[in-house]
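Letters A, B, ... are given to chains in the order of the sequence lines, protein chains preceding strands, and every chain is numbered from 1. These numbers come from a predicted model, not from an experiment.
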2 protein chains.
Amino acid sequence: MEVHPSNIETAAQMESVQHLQGSEAVRERAYNGGGWLLSGIMCVNILLLGCALVSGSAFNSVAITTVHRQIFLIILLLLTILWMVFYSIITYRKNQALPLKDSHAGPVWLRAGLVLFGVLSLIMDIFKIANYVGYIHCDSPVKVAFPVVQAVFLFVQTYFLWIHAQDCVQLHKNFTRYGLAVTLSTNLVLWMAAVTEESVHQTEIPENANVTRSIDLQPPILVSAGYGDDKCKCSHSSCSLFKEAYFYLYPFNIEYSLFASAMAYVMWHNVGRVVEDHSHRNTKFCLKHMYVGPVAGILLVLAGLATFIVYEVEVVEENQEKINNALMMHFIMNIVIVSLMSVSTVVGCAIYRLDKRERVSEKNPTRSLDVGLLVGASIGQFIISYFTIVAVVATGAKGHLNALNLAWAILTVVQLGLQNFFIIEGLHREPLRAVQEAELHVSGHALQSHTEMSVILKNNKPRNNFTSTQDRLSCKRRALKEVCLFLLLANAILWIMPAFGARPQFDHSVEIKFYKFTMWAAIVNIGLPFGIFYRMHSVASLLELYVMS
Amino acid sequence: MEVHPSNIETAAQMESVQHLQGSEAVRERAYNGGGWLLSGIMCVNILLLGCALVSGSAFNSVAITTVHRQIFLIILLLLTILWMVFYSIITYRKNQALPLKDSHAGPVWLRAGLVLFGVLSLIMDIFKIANYVGYIHCDSPVKVAFPVVQAVFLFVQTYFLWIHAQDCVQLHKNFTRYGLAVTLSTNLVLWMAAVTEESVHQTEIPENANVTRSIDLQPPILVSAGYGDDKCKCSHSSCSLFKEAYFYLYPFNIEYSLFASAMAYVMWHNVGRVVEDHSHRNTKFCLKHMYVGPVAGILLVLAGLATFIVYEVEVVEENQEKINNALMMHFIMNIVIVSLMSVSTVVGCAIYRLDKRERVSEKNPTRSLDVGLLVGASIGQFIISYFTIVAVVATGAKGHLNALNLAWAILTVVQLGLQNFFIIEGLHREPLRAVQEAELHVSGHALQSHTEMSVILKNNKPRNNFTSTQDRLSCKRRALKEVCLFLLLANAILWIMPAFGARPQFDHSVEIKFYKFTMWAAIVNIGLPFGIFYRMHSVASLLELYVMS
């Protein structure tokens, strides 16, 4: 079919057609606009009620106990399970009615991560059940019921998200919206509960240690969330073993809730969305010809693990000098890691400058969420670092430990800023393979079309000199991949250290003295979970960048 | 010019042209993408450093004093003033280079509000100067310098935003982005500082009152932000008068900072944006034929003011019974206000159901920001309400005061949810006047175009039966306007009460006992400023809805 030159010029008319088509789509959406808004409001409400209950049970053990919170959680879990089963049955029956999939949603690494963390969370629940069964003769049976229900929930939800994460639901839209809003808020409340329990558990340790005992602390307002009463004795001998063990699995459960929340949010966002079914990008992860990045990264991880284990062993001792040595080692190790990361991120950003790949503008809720979560989560770590900087500078930064602490905080701020820039820029670039395909596609299209048409096409100058620069690009690609791998491994070790209990923020006393214990505990206990999630999330994003470039 | 039928059908070709035009625009943006991201990261960093300094000076008076914070603020203010003067000079010279305006940005009510709050903030600064001049012989001169610099800043910024709020800057894009990012963070840091000072000031009062003295309070961690040392005596007699006076002007200064931040954010977002210059909507505000809404609203405001004044007078007395009576009156008044608001919001939502106006999908950063701020700010009030509900329910809600408190909290949650829904739905509707114009425009267009074209146009069914239902619509419009006016006035009184110092959260002891003083003070002092801003912002949004419908 021929395009008449006269019509290409009438851009205004085209625009009006386009506008009308647009407003058609808008009207369709308007009909469901209410459900979208109301389900969002409901989600916020469940979330805030959960927040109040979780805080209440953590800070006031008299009126609201763990049992109350767990009853609330069990209700939420059962509701979510019911809805998921119901949804699965409906879609199984009307399988033809759901041809629309968002190929960006639920990528393989996210779903694989979900299953991995799901399995580890399941083990945690089994340990919890084994532990609380020993207390059942003298403690509430709800404490056994909760992990049982949670285990069922883990199973159902992982199956549900594995199958349905990419759905753009077109049937029962409003009902699906409410269901997904409940799923989202359930996962977020579970996350809050786990983070609070974990923080309370981690904060208890430094109080018993010698370091902080000398400082005039305010009475700690955190109370233990009741892991079995003191008067209530365990009926079997392995209780303390299970209790020790399941706390090491908490970080995985926290990540599971966040992964599930992210996927539920994207599904909720995609309800009623009409997308073209893009062909699947082939995401191969192959490590061929990669040497510098992975080797340097693995060395860093091993060194980090070694110092972390030494630090954890030394810091619980009574001897103040040993603690100071352990702290110094930990600070130096972190400074080295963060400096190396900053340098390699600068190299990566420099490569972007040289690289002329286009930015992608296509609507993509998964990517927007990725970027939002990355920036949002980094604020947790930023806040801790800035508060440390202010405290250390204001007290004069005397002694080498304070100087190291200050250097670490400043370098962390630099590294976070650089890494955010690097990841966000990278996520918005077109994947290199897609660029090549587009190149082929465009040239084919140009040959087919009318001359008038190809004038427009020729304006895409950067695309035309692409093939000539392919050799240089492949060199840049390799460098970019090396940088991504190194940053990935470095972020992994920075995730492992705080996730498994390194708390130099409480072992070093400057900030506690400066802000008083309650305020500093609040800052660290709110900021650090976000910081840990940031590292985790960076690993996932860098893996995506690695595959894309 | 004629449109050939064959071409209308080739939607795919049109799409491809459109796509190419789109990617042109994207490439243009990609070039500046880095500046956009880096200025955002810089803004977050200034903000968090400011946050750490403000918290440090509020919670630790030894190492970081008000003077340190004010020096930091003076540097930020001077930087912003310099940039604004520089920008104004550049644009004054190259006046022709800036033809692009975003007509949605900086509407009249926002700019008028900015000037009003700017003038009141200026008066506050003059009072501050007058007060601190009396202490200059024994206190730091920075305390006088700060309000002086702030006064200059207020003047320059109000002028700058009045003139340039609608600019879509195309020259020196990156430089402008950094400038606006600094402006944004300066205003937000000023807002944080003002909110913290205000909260510290408001929290001091209940500690002296009799109510809380009987409770075993934890030592308050808030320290007075140093309004003149105790040993330092004022050299003139009217010091205490000025000090009393300027605290009443704080709420206006807080609102000024938020208004300016919102405008700076929209400007920052609009840098480099290419928009079509829409003709200005004629926004007339006329009260003709409006009776029920305004009269009921004014009666509510007067009743609210009367009970508020009585409450403020009674609650500082020593007599516990008088305080309880005052609290009961305050609770009942708030319950009445919130219930009436909920009912009228339900009426408004019902009218939306009947009303078939289209949803607007046009990109509009001002509206997105409006909705984001509305939902974000409402979370502050939501949190306080939910924490109250949990505390009162957990302690059994004994006595009529607790029952009233619980009822107030539950009704507030209901009212906030309904109002958010009402305002967001309303902001996304097409203005009624625009609908009428579009109607005329479309019919005219349909006559001009080819038959093929008008087939598409005729698909817009709702538009076609518009004229026949105009009479019924005008009745709906009136009802909607009445609802908006009533809600506007009711939000105003709910803004006035906490902004001028009503703190039933501290006068009533249930939550303090339940969460301990420090935690409850943290919740209220973080949540309430957002709640106050929410009411203020709702007034502005409802005014817009009133003009639009």
So what's closer than 4.5 Å to chain A heavy atoms on B:I41: side chain, backbone, both or neither?
-> side chain
Nearest-0.5 Å distance that lies between atom CG in A:L37 and atom CD1 in B:I423 | 11.0 Å
Separation between CG (A:N420) and CG (B:L38), nearest 0.5 Å, reads 11.0 Å
What do you reckon, is CZ of A:F72 surrounded by more than 12 foreign heavy atoms closer than 6.0 Å?
-> yes
Among B:L49, B:L47, B:N45, find the residue that satisfies the side-chain contact (heavy atoms from CB on, under 4.5 Å) test when tested with A:F382.
-> B:N45
